[in-house]
Amino acid sequence: ESFSNPKTYKNHRLYAVDGTWIYMPQTLACVDAFGSVKNQYEHVAVCMAKASFLSDVLNRWVINTELGRSDTGEIQLLQNQLDVVPEDGILILDRAYASIALIHKLNQLNIKFVIRCKKSHSNTVKKFVANTEMRDVIIKEKLTDRAITTLKKEVENDSIAKAAINCHVKVSYRLVK
């Protein structure tokens with residue numbers, strides 16, 4: 001397919017995001033820029049970076065990449081890529097991205113998404129999984145203290161946005177078996 005006529009699923013482009021580690025040259029400049037990690041085999045620090053890839057699944061295109069320090073989380077790298085997800089896009093994320101704070105942000109940006117999560121992810125998920133009658137359910141729950149802290153860090157310099165994030169904010173999402 002071409003960039004002007006990409007493959008879609010029910011008129012939506014499907015985007016997957018995943019993070020990985022990249023070995024960097026073992027120089028002082030690289031260690032300073034990206035940090036280092038001790039691996040499980042050698043007890044020496046190795047210079048590594050974290051990378052995030054946003055890919056169009058159906059067309060097999062890498063749409064965007066983000067490179068960060070070795071101590072950067074995958075969700076943090078993803079947030080720098082959200083502006084390239086088009087209105088017709090659906091973001092597909094693995095368990096590392098299951099976060100109420102991220103769900104809240106995706107909802108605010110009107111980005112459609114699917115996040116796989118463990119059965120033990122939260123009490124809400126555990127109850128849903130245990131209920132053999134339900135195949136899907138819409139959940140509306142308040143932001144957790146952890147999510148509030150995470151979201152407030154993102155808007156540290158914006159006192160109005162920071163004040164709007166509180167325990168009364170509800171997040172909506174759908175659980176599906």
Side-chain angles (χ1 to χ4, degrees), residues 1-25 30 33-35 37 47-122 124-125 128-129 134-141 143-144 147 150-151 153-155 157-158 161 164-165 169-177:
E1 294 293 313
S2 69
F3 283 112
S4 61
N5 189 24
K7 293 178 188 174
T8 62
Y9 171 78
K10 296 187 178 184
N11 294 320
H12 292 283
R13 302 217 6 221
L14 302 182
Y15 293 94
V17 175
D18 205 4
T20 190
W21 293 94
I22 297 177
Y23 283 95
M24 302 300 286
C30 280
F34 297 106
V37 177
C47 184
M48 296 186 83
K50 259 301 176 52
S52 178
F53 295 89
L54 175 68
S55 303
D56 181 318
V57 176
L58 298 176
N59 296 289
R60 297 181 175 190
W61 298 330
V62 173
I63 303 300
N64 187 274
T65 60
E66 187 72 26
L67 191 64
R69 290 184 49 83
S70 57
D71 56 358
T72 307
E74 289 185 45
I75 291 175
Q76 189 177 346
L77 290 173
L78 166 63
Q79 292 194 36
N80 296 331
Q81 299 174 292
L82 294 176
D83 60 339
V84 299
V85 178
E87 286 183 26
D88 68 341
I90 298 175
L91 204 51
I92 302 168
L93 305 164
D94 68 23
R95 295 181 279 196
Y97 298 90
S99 153
I100 291 295
L102 179 60
I103 291 170
H104 176 69
K105 181 153 191 158
L106 294 173
N107 283 341
Q108 282 188 316
L109 296 172
N110 292 316
I111 295 175
K112 296 167 197 71
F113 60 91
V114 174
I115 303 176
R116 182 175 177 232
C117 67
K118 292 181 181 181
K119 292 178 184 177
S120 61
H121 174 70
S122 68
T124 303
V125 172
F128 171 69
V129 170
M134 280 194 216
R135 299 295 304 150
D136 72 322
V137 64
I138 302 292
I139 302 294
K140 291 182 182 174
E141 62 187 5
L143 288 175
T144 61
T150 300
L151 291 167
K153 281 181 186 175
E154 289 177 21
V155 293
N157 300 324
D158 185 341
I165 300 168
V169 174
K170 289 198 173 189
V171 177
S172 296
Y173 58 95
R174 180 179 177 200
L175 293 174
V176 179
K177 289 182 189 171

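Computed from a prediction, not measured in an experiment: that's the story for all the values here. Counting from 1, the numbers follow the sequence of the chain as shown.
In terms of heavy atoms, Leu58 sits closest to Lys7 at O-CD, 3.6 Å. For the residue pair Asn107 and Ser172, the shortest heavy atom distance occurs at ND2-O, 2.8 Å. When all heavy atoms of Leu93 and Tyr97 are compared, the closest pair comes out as CB-CB, 3.7 Å. When all heavy atoms of Ile75 and Ala96 are compared, the pair lying nearest together is CD1-O, 3.9 Å. Taking both residues in full, the closest heavy atoms of Val137 and Phe128 are given as CG1-CD1, 3.5 Å, listed atom of the first, atom of the second, then distance. Considering all non-hydrogen atoms of both residues, Ala98 and Cys117 come closest at CB-CB, 3.9 Å.
Within the 4.5 Å cutoff, the side chain of Thr124 has heavy atoms near those of the Tyr173 side chain. Two residues are said to be in side-chain contact when any heavy atoms from C-beta on lie closer than 4.5 Å; Cys47 and Tyr23 fail this criterion.
In terms of the side chain to side chain contact (heavy atoms under 4.5 Å, CB included) criterion, residue partners of Ser4 (sequence neighbours excluded) are, by chain and number, Ser2. Arg174 pairs by the side-chain hydrogen bond (donor to acceptor under 3.5 Å, both in side chains) definition with Asp136, not counting sequence neighbours. Applying the side chain to side chain contact (heavy atoms under 4.5 Å, CB included) rule to Ile90 yields the partners His12, Leu14, Lys112, Val114; only residues at least two apart in sequence or on another chain are considered. Residues forming a salt bridge (charged side-chain N to carboxylate O under 4.0 Å, His left out) with Arg116 (at least two apart in sequence, or on another chain): none. Remark: Thr20 pairs with no residue by the side-chain hydrogen bond (donor to acceptor under 3.5 Å, both in side chains) rule, at least two apart or across chains. Annotation: side-chain hydrogen bond (donor to acceptor under 3.5 Å, both in side chains) contacts of Asp94 (sequence neighbours excluded): none. Remark: Ser122 engages no residue in a side-chain hydrogen bond (donor to acceptor under 3.5 Å, both in side chains) (not counting sequence neighbours). Ala49 pairs by the side chain to side chain contact (heavy atoms under 4.5 Å, CB included) definition with Met24, Phe34, Leu67, not counting sequence neighbours. Evaluation of the side chain to side chain contact (heavy atoms under 4.5 Å, CB included) rule for His104 yields Gln108, Leu143, Leu151, Val169, Val171 as partners, not counting sequence neighbours.
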Chi angles and distances behind the side chain to side chain contact (heavy atoms under 4.5 Å, CB included) call for Ile63, Tyr15:
CA-CA 9 Å; Ile63 303 300; Tyr15 293 94; 3.6 Å; yes

Let's go through Lys50 and Leu77 carefully: what are the C-alpha distance in whole Å and the side-chain angles of both, what is the deciding distance for side chain to side chain contact (heavy atoms under 4.5 Å, CB included) to 0.1 Å, and is it a yes or a no?
CA-CA 8 Å; Lys50 259 301 176 52; Leu77 290 173; 3.8 Å; yes

Give the C-alpha distance, both sets of side-chain angles, the deciding distance and a yes or no for side chain to side chain contact (heavy atoms under 4.5 Å, CB included) between Phe113 and Ile92.
CA-CA 6 Å; Phe113 60 91; Ile92 302 168; over 6 Å; no

CA sep, side-chain torsions, deciding dist, call: Ile111, Leu82, side chain to side chain contact (heavy atoms under 4.5 Å, CB included):
CA-CA 8 Å; Ile111 295 175; Leu82 294 176; 4.1 Å; yes

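Listed by first then second residue, pairs satisfying salt bridge (charged side-chain N to carboxylate O under 4.0 Å, His left out) with a partner in residues 72-81 number zero, not counting sequence neighbours. Among pairs with a residue in residues 8-21, those fulfilling salt bridge (charged side-chain N to carboxylate O under 4.0 Å, His left out) read Arg13-Asp56, at least two apart in sequence or across chains. Among residues at least two apart or in separate chains, side chain to side chain donor-acceptor pair (under 3.5 Å) pairs with a member in residues 77-86 are Ser52-Gln81, Asn64-Gln81, Glu66-Asn80, Gln79-Lys105, Gln79-Glu154.
Residue Lys177 qualifies as enclosed at atom NZ: its count of foreign heavy atoms under 6.0 Å is above 12.
The line from OG of Ser99 to CG of Leu78 is 10.0 Å long, rounded to the nearest 0.5 Å.
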